[in-house]
J.: 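Have a look at this one.
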Number of protein chains: 2
Amino acid sequence: MRSEKVTSVDVAKKAGVSQSAVSRVFTPGASVSPKMADKVLKAADELGYRPNVLARSLITGRSKIIGLVVAYLENQFYPDALEKLSTALQEHGYHILVFMVSNDDASVDKVMGELLDYQVDGIITASVGMSNALAARCSAAGVPVVLFNRGQDDERLNQVTSNNLAGGRKIAEFLLAGGHTKIAHIAGWSGSSTGRDREAGFRAGLAAAGVEPVACIDGMYKRETAAAAARELFSGKDRPDAVFVGNDHMAFAVMDVLRFELKLDVPGDVSVVGYDDVPLASWPAYDLTTLRQPSNRMVEATVSTLLGWIEEGSNDVRKIQIDGPLMIRGSARIPQGWPDERL
Amino acid sequence: MRSEKVTSVDVAKKAGVSQSAVSRVFTPGASVSPKMADKVLKAADELGYRPNVLARSLITGRSKIIGLVVAYLENQFYPDALEKLSTALQEHGYHILVFMVSNDDASVDKVMGELLDYQVDGIITASVGMSNALAARCSAAGVPVVLFNRGQDDERLNQVTSNNLAGGRKIAEFLLAGGHTKIAHIAGWSGSSTGRDREAGFRAGLAAAGVEPVACIDGMYKRETAAAAARELFSGKDRPDAVFVGNDHMAFAVMDVLRFELKLDVPGDVSVVGYDDVPLASWPAYDLTTLRQPSNRMVEATVSTLLGWIEEGSNDVRKIQIDGPLMIRGSARIPQGWPDERL
DNA sequence: GAAGTTTCTGCATACGTATGCAAATTGAAT
DNA sequence: ATTCAATTTGCATACGTATGCAGAAACTTC
């Protein structure tokens, strides 16, 4: 009942040819005559032979495996990205090996070690940073890294993000145009470039009109933290009339608190704007105005960067920023005559 | 700038021992003297040596890779399960290789072939069925399979589900006790055992009280299909006063239609009950009454089954059903004195 | 049909590790 | 010190595949 592996040697024997011939038939671009290919494929088919990827990778140095490091899948943005990444890579013959981490350096380091043990051809980190030591190790091992939705200064790391600065600014302009005067921000985790950049862009946008946010709290990209922040900001008498929340995942928590705990009307009493445009944002229950991170294009950029390094030996580090439109929906007051970018 | 692999041979040379000695130091349970271990570990450390998992698996026949086949991650139940599965397996030294499929046999067959090429130690399919031919191939290859959240009659396939029959019945009883008289069902995909079992249990529960559902539509586990079904069911004059929706993901779509398109009150006009208890179900915006699939225990059962086959050579096929409680929330009328199972 | 060119094939070896076997070392017991 | 057992080590080989090299075969061209 144990497995009965069929190897290229078996096929060779059955077809009456050499093992190398079999190998060549299954290696795209190798030199084989049609006759040979026929013979071999027939034998292979009868035996149910398929090349062993692991053995192959031992010799080619290519495993066809991409390591994905991710901290949590609760924020819908990430499963969505994972699905798209996996599908896109699959079309190129690669597959994703998943590594869950908690977002501290020790955990990332440990996991990344295991990752390299698998001889992955490349690494994608989703919303996870890397220590410099680690970046050095990957670089030394010749394994390209793309930070997906996270920036970092290291000169060895590719990165793909949305244009968070521009996005933050656009949201500031939108809220100002809507006539809001007391504008707050529940920010993304300050330990992340995305959180910092969105805040910086947002502040810059307000500052251009001589405005300052009435409050700015780190929501840590967590529902609970964001909810607590919302309670703090909006319980008092002199509450803000608008809030930009650092991502949709937190924005949902904030809206829940505003509506169901504090009985405030959104957008009547408070305008709420998020960031990401996850599928849930367009569901009528939230109908959230939010800045879209174009995950399709981000995935595309990630995959092409990675494959460029792996298959074409590229070695220019790319720091890609992709602009996204503001998705205007019902959770924030819409300024008179504001152009809808989606049109 | 290309990679400089350091192998066990390098370490052996540096430590002045044989390659086998190095191998043994890194093989748990092998016979090595403390002195030897010290020498080798020191050399390994200085060179930054780590064993090559792929080369190792070539010889041991164990890749430490588990293939996960999954159709879509939009339904929050699956990313949640994926996260838990991955974390649990990681603790045992295994990792998940992801394969996305569309849910038709051809796609599954193709992908499953690639899967076996990677010499995976085991396969988990999440909400995806398998052709018999495929089951046979996995079995012949000695690769254990666990169907997660999907049942199938094949005698070679392990499976872990919630008790869908009991769950469906429990929901019927709950709705009947609430005094509902016109009860409809927007069912899970009829091509899946979960969809069929939930419906069967639900019908049985109603039948026990001499009641029949006023309507029963296949929602295909898709938002759009479920929404269309809701429009059809609830647009007319003589609308149902309760609906059991085959999973939470569809139930959210149904609630959106009821509230925002048809301006009906939930649960005032219509009671809605879902199935899964994904995190979103407990958010106040939906506050969905739903039957919990205990994903923690389902994951635990999946992992222990799989590891039993892989590491202990178990070969009894397990068909595990796990009971879950009804999570009573605000989307359905609560019968007088109905016991809260969670207490 | 001979010479030259191109295409194809088999041989041998390599990838990085684990493991059976026998030799070498250690330790215990006399 | 000597014998015997137990432990540790190195040697050689195997896992399943890809590929450089040289020879064989096929095809051109005159």
Side-chain angles (χ1 to χ4, degrees), chain A residues 2-41 43-44 47-65 93 116-121 141-142, chain B residues 2-41 43-44 47-65 93 116-121 141-142:
Chain A
R2 265 272 139 293
S3 79
E4 10 187 301
K5 317 238 169 205
V6 27
T7 76
S8 59
V9 176
D10 300 329
V11 177
K13 207 166 296 174
K14 170 143 192 162
V17 302
S18 74
Q19 179 270 328
S20 6
V22 177
S23 168
R24 273 187 264 262
V25 171
F26 285 91
T27 305
S31 161
V32 216
S33 70
K35 264 181 305 192
M36 172 67 81
D38 278 359
K39 257 194 303 189
V40 170
L41 285 175
L47 294 176
Y49 169 76
R50 308 208 66 189
N52 180 329
V53 176
L54 265 37
R56 168 179 288 170
S57 68
L58 185 55
I59 221 179
T60 60
R62 294 278 163 78
S63 61
K64 296 291 187 174
I65 297 177
L116 293 172
D117 295 348
Y118 279 94
Q119 314 296 117
V120 293
D121 290 341
Chain B
R2 265 272 138 294
S3 78
E4 9 188 301
K5 316 236 169 209
V6 26
T7 76
S8 59
V9 175
D10 300 328
V11 177
K13 207 165 292 174
K14 171 144 193 164
V17 301
S18 74
Q19 178 270 329
S20 8
V22 178
S23 168
R24 274 187 263 263
V25 171
F26 285 92
T27 305
S31 162
V32 216
S33 71
K35 264 181 305 193
M36 172 67 82
D38 279 357
K39 256 195 304 191
V40 170
L41 286 175
L47 294 176
Y49 169 77
R50 310 207 67 190
N52 179 330
V53 176
L54 266 37
R56 169 180 286 169
S57 68
L58 186 55
I59 241 196
T60 59
R62 293 279 164 76
S63 61
K64 296 291 188 173
I65 296 177
L116 293 172
D117 295 348
Y118 279 93
Q119 313 297 114
V120 294
D121 289 342

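Below, chain A is the first sequence line, B the second, and so on; all start at residue 1.
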J.: Let me spell it out: for each of B/Ile59 and B/Ser18, pick the nucleotide of DNA chain D with the closest heavy atom. Which residue's pick is nearer the 5' end?
T.: B/Ser18
J.: How far does CD1 of B/Ile65 sit from OG of B/Ser57, to the nearest 0.5 angstrom?
T.: 7.0 Å
J.: Taking for each residue the nucleotide of DNA chain C with the nearest heavy atom, is it B/Lys35 or B/Arg50 whose nucleotide lies nearer the 5' end?
T.: B/Arg50
J.: Would you mind reading off the distance between A/Arg62 atom CZ and D/dT19 atom C1', rounded to a whole angstrom?
T.: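 Nearest whole value for this atom pair: 15 Å.
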J.: Report yes if a donor N or O on one partner sits less than 3.5 Å from an acceptor N or O on the other, where the partners are the side chain of B/Ser20 and the base of D/dC11; otherwise report no.
T.: yes
J.: For B/Thr7 and C/dG16, is the shortest distance between a side-chain N/O and OP1 or OP2 below 4.0 Å?
T.: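 For C/dG16, OP1/OP2 do not have a side-chain N/O of B/Thr7 under 4.0 Å.
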J.: Does C/dT17 have OP1 or OP2 sitting under 4.0 Å from an N or O in the side chain of B/Ser23?
T.: no
J.: Give the rounded distance in Å between these two atoms: CG of A/Asn52 and P of D/dC15.
T.: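 Nearest whole value for this atom pair: 12 Å.
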J.: With sugar-phosphate meaning primed atoms plus P, OP1 and OP2, does A/Ser33 contact a base, only sugar-phosphate, or nothing at under 4.0 Å between heavy atoms?
T.: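 Sugar-phosphate only.
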J.: Does any N or O in the side chain of B/Ser8 come within less than 3.5 Å of the main-chain N or O of B/Ser23, such that one atom is a donor and the other an acceptor?
T.: no
J.: Can you check the B/Asp117 CG to D/dT17 C1' distance for me, whole Å?
T.: 13 Å
J.: Whole angstrom is fine here: how far is it from CD in B/Gln19 over to P in C/dA18?
T.: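 My rounded result for the distance is 8 Å.
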J.: If I take atom CZ in residue A/Arg24 and atom P in nucleotide D/dA18, what distance separates them, rounded to the nearest angstrom?
T.: 10 Å
J.: Is the shortest side-chain N/O distance from B/Tyr118 to OP1 or OP2 of D/dG16 below 4.0 Å?
T.: no
J.: Quick check for you: to the nearest 0.5 Å, what is the distance between A/Lys14 atom NZ and A/Leu47 atom CG?
T.: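 Here the rounded value is 5.0 Å.
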J.: Could you tell me the separation between the NZ atom of B/Lys13 and the P atom of D/dG10, rounded to a whole number of Å?
T.: 15 Å
J.: Using a 4.0 Å heavy-atom cut-off, does A/Val22 contact any base of the nucleic acid, only the sugar-phosphate backbone, or nothing at all?
T.: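 Here A/Val22 touches no strand at all.
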J.: Without swapping roles, check the side chain of A/Asp121 against the backbone of A/Arg62 for a donor-acceptor pair under 3.5 Å.
T.: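 Checking the backbone N and O of A/Arg62 against the side chain of A/Asp121, no donor-acceptor pair under 3.5 Å is found.
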J.: Could you tell me the separation between the CZ atom of B/Phe26 and the P atom of C/dT19, rounded to a whole number of Å?
T.: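 It is 15 Å, rounded to the nearest whole Å.
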J.: Any side-chain N or O of A/Ser31 below 4.0 angstrom from OP1/OP2 of C/dC8?
T.: yes
J.: Could you tell me the separation between the CD atom of A/Gln119 and the P atom of D/dG16, rounded to a whole number of Å?
T.: 19 Å
J.: Under a 4.5 Å cut-off applied to non-hydrogen side-chain atoms, are B/Leu116 and A/Arg50 in contact?
T.: no
J.: Using heavy atoms to find the nearest nucleotide of DNA chain D for B/Leu58 and B/Met36 separately, return the residue whose nucleotide is more 5′.
T.: B/Met36
